Amino acid sequence: MSMRPKGSDRIPAETARVARAAFPRGSLAIRLRDELGTLFSDEQFVDLFPARGKPAWSPGRLALVLVLQFVEGLTDRQAAEAVRARIDFKYALGLQLGDPGFDFTVLSEFRDRLVEADGGRRVLDGILVMARSKGLLKTAGRARTDSTHVLAAVRNLSALEMVAETLRAALNTLAREAPDWLREIAEPHWFDHYATRAENSRFPKSEAQRDEVRLRIGRDGTRLLTALWSPTAPEALRALESVEVLRRVWVQQFHLVDGEVACRSPKDRPPGATRLVSPYDPEACGSIKRETVWQGYKVHLTETCEADAPNLITNVTTTVSTTQDQVMIRGIHAELAARDCLPAEHWVDAGYPTASQVVAARLDHGVELLGPMVASTDARAGGPFGQDAFTIDWDQQQVTCPNGATSAQWHQRKSQQGLPVIRVRFARVDCQLCPDLRKCVRSPKGEYRDMNLRLRDEHEVVRKVRTEQQTDAWKDRYKIRAGVEGTISQGVGRCGLRRSRYRGLAKTGLQHQLTGAAMNLARIDAHLTHTPRAATRTSHFAALRPADRLIGGAK
């Protein structure tokens, strides 16, 4: 289909008359159209469509339908039906009352086009641009960021179900792409074991018998892979995604021992960061964060937090579940800078800030990155021989210990994580004479003290930040970060934030961009209607707590 810009986006008079009669107090869709006007134009998406072909339904209107779909938590069928039947949707889209809308499959096709061009950012940006023009977006003050887990749109599989379903998925794809070839090489018992889904199979309960089944599946998969890589097999079959997934899973789960297929032991399998968890979503990963265990992805939300304006989401980033929060700050700041949404203060939890990122945020963007700095893991920290007890002379490149000895060596090195550090070592002769050697040196047989220092800027930042964070004033300021938990709660309850609707990182990322856009529209509407922000929930019993009692954990 080709994109051909439509004419006037003015609301037809009859549509406006009926909408005013049907909604005398307005609705979210009507209020947003009245206050913000046309959010998206066809020209914003012109590169997603060819110049020739059958005319497409207005992409600017489709973008608005996608956002309204997430505002109300509608399926594609329900969203298409709303365009066809609901007066407020026709008003927001500027449609005639008799406009039949479109088939629900158009939404899926449009999302595919957005995924290919990273178009979800355009949708979120379009709302932010409009909000800024109306004075609703204020970004020079404070912002906060947090992440939450996202469940993949696939079923959790046991280890045995995983290998069986992976083989079945590959056989189904090959049966569609090369039925004659597969018919020639398929073993008769394959039709008995892999014709139905793995979860419908009655696997034995005995561990020994399950191992036998697993080994049989391993031999069958190896037989298929051998046939696929034989000279007589069509080369195009090896490029199929399900075949590549089969190959990767078999490398992770099986190996050859004396020419025979054998199951890998759990210790011989790859770590969770690289282990596939489903043949239908090879990008999903298994991850653990404290008591939460999930398979899927992770999403990071950044929002403004100003008292006199709606709190709007200014950035949404989706990653695989194993990506650590602490590596995300640079990318988030780059995205905020591109949108001209950088805050002066950026509040985060303990998973995000590191010394290098705090320094980089100041130097690169003028942003104060604020969050609890993780305490030192050194058992001596805070004691008489912790690193903070040593005096550092950066100009002379020398360190003095609490007992007066000075370091003998000072070299720049790389840490185990590849980060630049300064390696300091004291002379063996000085340390051996020290009566506090055993208290100072961690190793029971160590003969001298050595330590790794961060670079000067980072070292001084860590000391300053850890000191500030012990004050009541800093703890009181840090309360602003807690509000982002409500944002995640709103995203989960209103838009299904924690469960992917689609398979794959790109489509899940588009879902989250649309979720951020939908939450912004809902918040702008709440601001326009003077709806108060929800207060922190308090149980009836907790409300009886005397004012002079400190809030503590359950006993």
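Note that the structure is a prediction, hence the values are computed from the model and not measured. Just the heavy atoms: all of them, side chains too, but no hydrogens, waters or symmetry mates, feed the values below. Position 1 is the first residue of the sequence; numbering continues from there.
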Handout entry: Check against side chain to side chain contact (heavy atoms under 4.5 Å, CB included), Gln511 and Phe70
Key = CA-CA 9 Å; Gln511 172 186 335; Phe70 276 81; 3.6 Å; yes
Problem - Arg269, CZ: over 12 other non-hydrogen atoms inside 6.0 angstrom - result: yes
Handout entry: Residue Glu260 excluded, over 12 heavy atoms near CD under 6.0 Å
Key = no
Establish, from distance only, whether the side-chain atoms of [X] and [Y] form a donor-acceptor pair under 3.5 Å.
X: Asp76; Y: Gln69; value: yes
X: Asn315; Y: Thr317; value: yes
X: Arg248; Y: Thr274; value: no
X: Tyr297; Y: Asp281; value: yes
X: Thr292; Y: His149; value: no
X: His346; Y: Thr145; value: yes

Practice task
Could you check Leu39 against Val67 for side chain to side chain contact (heavy atoms under 4.5 Å, CB included), going step by step and ending with a plain yes or no?
Solution key: CA-CA 11 Å; Leu39 284 173; Val67 178; over 6 Å; no
Distance-only, no hydrogens or angles: does the [X] side chain make a donor-acceptor pair with backbone N or O of [Y] under 3.5 Å?
X: Arg423; Y: Asn452; answer: no
X: Arg498; Y: Val492; answer: no
X: Ser108; Y: Phe104; answer: no
X: Lys298; Y: Ser147; answer: no
X: Arg481; Y: Arg144; answer: no
X: Ser489; Y: Glu485; answer: no
X: Asn520; Y: Leu312; answer: no
X: Thr302; Y: Thr314; answer: no
X: Gln513; Y: Val316; answer: yes
X: Ser500; Y: Ala153; answer: no

Which atom names give the shortest non-hydrogen contact between [X] and [Y], and what distance separates them?
X: Asp325; Y: Gly351; answer: CB-O, 3.5 Å
X: Gly371; Y: Tyr478; answer: CA-CE1, 4.1 Å
X: Ala164; Y: Ile217; answer: CB-CD1, 3.7 Å
X: Glu283; Y: Leu505; answer: OE1-N, 2.9 Å
X: Arg113; Y: Leu48; answer: NH1-O, 2.9 Å
X: Leu228; Y: Arg238; answer: O-NH1, 2.8 Å

Exercise for the section: Report the relative orientation of the aromatic rings in His189 and His193; use parallel for angles under 30°, tilted for 30 to 60°, perpendicular for over 60°. Expected result: perpendicular
Handout entry: Parallel, tilted or perpendicular: ring planes of Phe45 versus Phe110, cut at 30 and 60 degrees
Key = perpendicular
Hey, could you give me the [atom1]/[atom2] distance between [X] and [Y], rounded to the nearest 0.5 Å?
X: Leu240; Y: Thr173; atom1: CG; atom2: OG1; value: 6.5 Å
X: Ile329; Y: Thr354; atom1: CD1; atom2: OG1; value: 9.0 Å
X: Leu64; Y: Arg61; atom1: CG; atom2: CZ; value: 10.0 Å
X: Asp211; Y: Ser206; atom1: CG; atom2: OG; value: 8.0 Å
X: Asp146; Y: Leu301; atom1: CG; atom2: CG; value: 8.0 Å
X: Leu215; Y: Asp220; atom1: CG; atom2: CG; value: 10.0 Å

Return all side-chain donor-acceptor pairs below 3.5 angstrom for residues 179-186, not counting sequence neighbours, or 'none' if the list is empty.
residue, atom, partner, partner atom, Å
Asp180, OD1, Arg183, NH1, 3.0

Hey, are the side chains of [X] and [Y] touching, using non-hydrogen atoms and a 4.5 Å cut-off?
X: Val213; Y: Arg216; answer: yes
X: His365; Y: His333; answer: yes
X: Met519; Y: Glu303; answer: no
X: Gln295; Y: Ser278; answer: no
X: Val115; Y: Tyr502; answer: no
X: Phe40; Y: Ile127; answer: yes
X: Val277; Y: Leu157; answer: no
X: Val65; Y: Leu107; answer: yes

Practice task
Identify, with sequence neighbours excluded, every residue that meets side-chain hydrogen bond (donor to acceptor under 3.5 Å, both in side chains) alongside Arg223.
Solution key: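 Only Glu187 meet the side-chain hydrogen bond (donor to acceptor under 3.5 Å, both in side chains) criterion with Arg223.
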Handout entry: Working for side chain to side chain contact (heavy atoms under 4.5 Å, CB included), residues Asp268 and His255
Key = CA-CA 10 Å; Asp268 194 30; His255 62 156; 4.2 Å; yes
Problem - Candidates Arg219, Gln253, Gln209 - the one meeting side chain to side chain contact (heavy atoms under 4.5 Å, CB included) with Arg214 - result: Gln253
Practice task
Assess whether side chain to side chain contact (heavy atoms under 4.5 Å, CB included) is satisfied between Trp294 and Val150, documenting all intermediate values.
Solution key: CA-CA 8 Å; Trp294 80 100; Val150 179; 5.7 Å; no
Exercise for the section: Look at Arg168 together with Glu165 and state whether they make a salt bridge at an N to O cut-off of under 4.0 Å. Expected result: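 Salt bridge between Arg168 and Glu165, a charged N being under 4.0 Å from a carboxylate O: yes.
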